[in-house]
Colleague: 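Have a look at the structure that comes next, please.
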Amino acid sequence: IKMVFRSEEMCLAQLFLQSGSEYDCISELGELGLVEFRDLNPSVSSFQRRFVSEIKRCEEMERILGFLLREIQKAKIAVPQEDESPLAPPPRQVLEIMEQLQRLEMELSEVAKNKDKLQRNLLELTEYTHMLKITRTFIHSRSRKTRRGPNLISPGCSFISGLIQRVKVEAFERMLWRVCKGYTILSYTEVDESLADLDTGEISKSVVFLISFWGDQIGHKVQKICDCYHCHLYPHPENDEERADVLDSLRTRIQDLNNVLHRTDDYLRQVLQKAAESAYTWVVQVKKMKAIYHILNLCSFDVTNKCLIAEVWCPVSDLANLRGALEKGSRKGDATVPSFVNRIPSSDTPPTLLRSNKFTTGFQSIVEAYGVGDYREVSPAPYTIITFPFLFAVMFGDLGHGVIMSLFALWMVLTEKNQKKKRSSNEIWMTFFHGRYIILMMGLFSIYTGLIYNDCFSKSLNIFGSGWSVKAMFTNQQWTNKTVQTNALLTLDPNVSGVFSGPYPFGIDPIWNLAVNRLSFLNSYKMKMSVIVGVIHMSFGVVLSVFNHLHFRQKFSVYLLFLPELLFLICLFGYLVFMILYKWLAFSARNSSQAPSILIHFINMFVMQGKDVTPLYPGQTGLQVFLLLIAVMCVPVLLLGKPLYLYWQQRGGKGLRRRRFPGSPQGYERVRRVSEDDGSITSIHEEDEEEGFDEVTSREAPKQFDFADVLLHQAIHTIEFCLGCISNTASYLRLWALSLAHAQLSEVLWAMVMRLGFKVTTKVGVVFLVPVFGLFAMLTVSILLVMEGLSAFLHALRLHWVEFQNKFYHGTGVKFLPFDFSQLPSVFEQDGLL
């Protein structure tokens, strides 16, 4: 794995793109993703730029492609995707693709319009058929009630029949009664078949109604009411013979329409299948074309209008690839003069580029969530790969839970290719998937710390055999049978010969899982371990800051910032770690009762007391006073050292007024000379470093020096660091607290669930154990793995952001965003069309 400990060295370059090859050159750069373009026309609106018409053409093609993809999705046709992304088409093929898409859109629109008309006709004929069948029963039932034949109709009686939606029937009936009371007879029945509404696409129940009325005025009122409720009205036959003829005609027409619709669907599907074969290629090509023209709009033309000029940020290591891409683009285009690149000086801060792979990307995102690093400062990401999962595992340490987490992450790693092809839209799942390597490392480290804690689902593993022996207590006549019978609790005395043979080879001795004072022992161990880990982690962060000072030629910061900070931290909290380790080594089981309290000694160190307290070691008082004086002396150095040095430097120290800045003509000539040499990658920044000029002076020299501002800034930093050493050390106690909480939750879950299943000793107990184990597994995954895992993850994140990174990492830079086709978002993928 190629590790990057600081960001890539960047340079500002001008691209001279000759007319006729600019499109191909930008296309090559988009495929490689090497450079970030700067906008050279910030005062020109988007609508007044040179390639607006080409971008509008691409947007029109995107609209047509969206229509095609929606139709393909409606037809449930899969869009095949190629393994290799197609290249951007040459400009001469753009019109050809546009014509194909427009022709396809017109054809599909015409077919869809005809299909819609056919479906409407089919729906009307189907409704008419249902109306004729149902209204015949209405007429016959009325005729039987009046003892007349089915063909005997009262003179002057007229009929209106049709269909209405089921939800509107009650309001429709009330309106008819109120407007035409006494002059209408309404009969209705629900249709068994559900019918689709072509306007809304909803499938709903409809009702067939038959209205009998007398008089033309009533008829007009009924007609208006039917129109108001959007009823589908159909002519009512005068007799049964006419009804039968109409039904026969409808059956024939419905059958013909179904045949036509079937052939239309087949033809439409063939057209869509043919379009689906090229849809992915068209989408990618249009996306790339639009991106290329957008980049060309950022460029400016030279005085002769014969070439485009672009400014880009480019990694120095990629300059050779940049020149190769321009040469390749020039060969593709019609330009007679090749395009070329020229490095230029700049006082602007370059963007930050940290290269990463699929393994380091997750850890890099953790760091950048705090802030993008400053240009060329030390990156915490390589160290986070180890420290982050380790701190997580200290809080999450359990062998069983670590194995489950590792297996889950390993499955995601092994199936990552298939998972990427599925392109799931579940945001929670994608979060887990993108962090699969983080989860794998956290699981592996949890297995390690679980072995150290000797904790597996709250139970200990006796792999090597305990170093404690109960038999020795009886052999040396310390215990008897009566002692065992009369005492509920017994203490093993390690001072008795044979009771304690030595420490457990790896981790905590399994006998502590049976001890009543297990919690007190583990609390003391984990609390001290948290302080040791915290001080080492913070000290490492302070040490990393020296690499920033040396790289930026801030040698004064090594003496005025780094050394006071490190001495302050080591003299106080490094001494606390020393006392913890010394107490572990100096006191054994025989004199452990005489061991003093470290906390009391540490407090007495600050209040200059403790003469009556037994010393931890000879000469302790003198050493503590010496270390405290050094720590106190570091505070004024940290507070006033840098401001006073910068003030003296600004007033004329070391002849710095003769310094040449990058913006000066001399600086331009030096960079110009370097840019002409293709094989050289030396930057002006490196030349300045060789001359011994520090980076802070080069940044601040053009600005007016303000001593009060520098002093205020340094005072804030001093207060934050000194108080932060205390609060940050206490903050690492969360390692102990979270580890204790996780172990206790695991123990409670075992006692409250699994132990109940083991208590049933009959044959039924085997059957009862199955649901109990299922409940135990579900609670373990949901509470101990997901909830506790998320809690430990967030606490480890806080320890890195606040306690570790603020010692050396500013995180105020700008991320390098190269022009890369593979990183461009697709509106069709966001809408779920691809």
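For reference, positions follow the sequence shown, starting with 1. Keep in mind that what you see is a predicted model, and the values were worked out from it rather than measured. Side chains are part of it too, since the values below use all heavy atoms of this structure and drop only hydrogens, waters and symmetry mates.
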Colleague: Apply the ring-ring contact (aromatic ring centres under 6.0 Å, His included) test between F793 and each candidate in F432, F388, F392; give the one that qualifies.
Modeller: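 Going through the options one by one, the only one that passes is F388.
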
Colleague: Can you find a heavy atom in the side chain of L118 that is under 4.5 Å from one in the side chain of K115?
Modeller: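 They are not in side-chain contact.
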
Colleague: Does H130 reach the main-chain N or O of V208 with its side chain, forming a donor-acceptor pair under 3.5 Å?
Modeller: no

Colleague: Which atoms form the tightest heavy-atom contact between V312 and L12, and what is the distance?
Modeller: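 Looks like O-CD1, 3.3 Å.
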
Colleague: May I ask you to decide whether E105 forms a salt bridge with R63, counting only side-chain N to carboxylate O separations under 4.0 Å?
Modeller: yes

Colleague: Between R166 and K205, is there a donor-acceptor pair closer than 3.5 Å when you use the side chain of the first and the backbone of the second?
Modeller: no

Colleague: Are the side chain of Q823 and the backbone N or O of D820 linked by a donor-acceptor pair below 3.5 Å?
Modeller: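 Pair absent, no side-chain N/O of Q823 close to backbone of D820.
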
Colleague: Under a 4.0 Å threshold between the charged nitrogen and the carboxylate oxygen, would K113 count as salt-bridged to D116?
Modeller: no

Colleague: For the residue pair I344 and E311, establish whether any side-chain heavy-atom pair is separated by less than 4.5 Å.
Modeller: yes

Colleague: For C299 versus N41, what's the shortest heavy-atom pair and its separation?
Modeller: O-ND2, 2.7 Å

Colleague: So, the side chain of E36 versus the backbone of L817: is there a donor-acceptor pair under 3.5 Å, distance only?
Modeller: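 Yes, because the side chain of E36 sits within donor-acceptor range (under 3.5 Å) of the backbone of L817.
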
Colleague: Do the side chains of M61 and V94 get nearer than 4.5 Å, heavy atoms only?
Modeller: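 Yes; the side chains approach each other to less than 4.5 Å.
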
Colleague: Minimum heavy-atom separation for M441 to I385, with atom names?
Modeller: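 What the structure gives for the nearest pair is CE-O, 3.8 Å.
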
Colleague: So, T360 versus N357: side-chain donor-acceptor pair below 3.5 Å or not?
Modeller: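 Yes.
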
Colleague: Evaluate whether atom CD1 of I428 has more than 12 neighbouring non-hydrogen atoms of other residues, nucleotides or ligands under 6.0 angstrom away.
Modeller: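 Atom CD1 in I428 is not crowded, with 12 or fewer foreign heavy atoms closer than 6.0 Å.
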
Colleague: Would you say CE of M430 has more than 12 non-hydrogen atoms from neighbouring residues, nucleotides or ligands within 6.0 angstrom?
Modeller: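 Yes, because the 6.0 Å sphere around CE of M430 holds more than 12 heavy atoms from other groups.
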
Colleague: Whether R331 and D24 form a salt bridge (side-chain N of Lys/Arg under 4.0 Å from carboxylate O of Asp/Glu) is what I want to check.
Modeller: no

Colleague: May I ask you to decide if the ring planes of Y293 and Y23 are parallel, tilted or perpendicular, using 30° and 60° as cut-offs?
Modeller: tilted

Colleague: Are R436 and F433 in a cation-pi setup, meaning NZ or CZ lies under 6.0 angstrom from the ring centre and within 45 degrees of the ring axis?
Modeller: yes

Colleague: Please walk me through it: do K133 and D192 pass salt bridge (Lys or Arg N to Asp or Glu O under 4.0 Å)?
Modeller: CA-CA 12 Å; K133 292 179 180 179; D192 296 335; over 6 Å; no

Colleague: What are the two closest heavy atoms between Q273 and I77, and how far apart are they?
Modeller: CG-CD1, 3.7 Å

Colleague: Do side-chain atoms of Q48 reach the backbone of S46 as a donor and acceptor pair under 3.5 angstrom?
Modeller: no

Colleague: Under a 3.5 Å threshold, yes or no: a donor from one side chain and an acceptor from the other, between S330 and Q18?
Modeller: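 Note: S330 and Q18 side chains miss the donor-acceptor criterion.
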
Colleague: If you round to the nearest 0.5 Å, how far is CG of L34 from CG of D318?
Modeller: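 Atom-to-atom, D318:CG and L34:CG are 5.0 Å apart.
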
Colleague: For the pair S339 (side chain) and L326 (backbone), establish whether a donor and an acceptor sit closer than 3.5 Å, ignoring hydrogens and angles.
Modeller: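 No, because the side chain of S339 does not come within donor-acceptor range (under 3.5 Å) of the backbone of L326.
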
Colleague: Answer yes or no: does atom NZ of K168 have more than 12 heavy-atom neighbours from other residues, nucleotides or ligands under 6.0 Å?
Modeller: yes

Colleague: Do I292 and F51 have side-chain heavy atoms sitting under 4.5 Å apart?
Modeller: no

Colleague: Take L247 and T129 through the side chain to side chain contact (heavy atoms under 4.5 Å, CB included) test and state the conclusion after the steps.
Modeller: CA-CA 6 Å; L247 281 173; T129 303; 4.0 Å; yes

Colleague: When you measure from the side chain of T431 to the backbone of E427, do you find a donor-acceptor pair of N or O atoms at a distance under 3.5 Å?
Modeller: yes

Colleague: List the steps, then state whether side chain to side chain contact (heavy atoms under 4.5 Å, CB included) holds for L29 with L15.
Modeller: CA-CA 11 Å; L29 294 178; L15 306 183; 3.8 Å; yes

Colleague: Output yes when a side-chain donor or acceptor of R6 lies under 3.5 Å from a complementary backbone atom of S379, and no otherwise.
Modeller: no

Colleague: Would you say L268 and L108 make side-chain contact, with heavy atoms under 4.5 Å?
Modeller: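 Contact flag for L268/L108 side chains = yes.
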
Colleague: Does either side chain, that of S85 or that of K288, offer a donor lying less than 3.5 Å from an acceptor on the other one?
Modeller: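 K288 and S85 do have a side-chain donor-acceptor pair below 3.5 Å.
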
Colleague: Quick one: pull up CE in M98 and CZ in R57 and give me the separation to the nearest 0.5 Å.
Modeller: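 So the CE of M98 and the CZ of R57 are separated by 7.0 Å.
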
Colleague: Determine the interplanar angle of the W801 and Y370 rings, folded into 0 to 90°, and report it as parallel if under 30°, tilted if 30 to 60°, perpendicular if over 60°.
Modeller: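 If you compare the ring of W801 with that of Y370, the planes turn out tilted.
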
Colleague: Are the side chain of Y267 and the backbone of V111 linked by a donor-acceptor contact shorter than 3.5 Å?
Modeller: no

Colleague: Using the six-membered ring wherever Trp is involved, compare the ring planes of F363 and F359 and label them parallel, tilted or perpendicular (cut-offs 30° and 60°).
Modeller: tilted

Colleague: For the side chain of N426 and the backbone of W429, is there at least one donor-acceptor N/O pair under 3.5 Å apart?
Modeller: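 Yes, the answer is positive, given that a donor and an acceptor are paired below the 3.5 Å cut-off.
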
Colleague: What distance do S356 atom OG and Q364 atom CD have between them, rounded to the nearest 0.5 Å?
Modeller: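 Answer for the OG-CD pair, S356 versus Q364, is 6.0 Å.
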
Colleague: Starting at OG1 of T126, measure out to CG of L250 and round the result to the nearest 0.5 Å.
Modeller: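 CG of L250 is found 9.0 Å from OG1 of T126.
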
Colleague: Which pair of heavy atoms, one from G162 and one from M131, lies closest together, and at what distance?
Modeller: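 Between these two residues, the closest heavy atoms are N-CG, 4.1 Å.
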
Colleague: To the nearest 0.5 Å, what is the distance between CZ (F340) and CG (L322)?
Modeller: 12.5 Å

Colleague: Decide yes or no on side chain to side chain contact (heavy atoms under 4.5 Å, CB included) for Q73 and L69, but give the supporting numbers first.
Modeller: CA-CA 6 Å; Q73 193 177 55; L69 290 174; over 6 Å; no

Colleague: Just do the side chain to side chain contact (heavy atoms under 4.5 Å, CB included) check on F67 and R70 with the steps written out, would you?
Modeller: CA-CA 5 Å; F67 167 73; R70 281 189 291 271; 4.3 Å; yes

Colleague: Can you check whether L353 reaches W313 side chain to side chain, under 4.5 Å on heavy atoms?
Modeller: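 Not touching, per the 4.5 Å side-chain cut-off.
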
Colleague: For the residue pair D374 and T352, establish whether any side-chain heavy-atom pair is separated by less than 4.5 Å.
Modeller: no

Colleague: Under a 4.0 Å N-O cut-off, is there an ion pair linking R38 with D348?
Modeller: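 The answer is yes: the pair qualifies as a salt bridge.
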
Colleague: If you look at every heavy atom in F821 and S27, which pair is closest and at what distance?
Modeller: CE1-O, 3.4 Å

Colleague: If you round to the nearest 0.5 Å, how far is CD of Q102 from CG of L104?
Modeller: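 Here the rounded value is 11.0 Å.
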
Colleague: Indicate yes or no: at least one non-hydrogen side-chain atom of Y437 is less than 4.5 angstrom from one of E416.
Modeller: yes

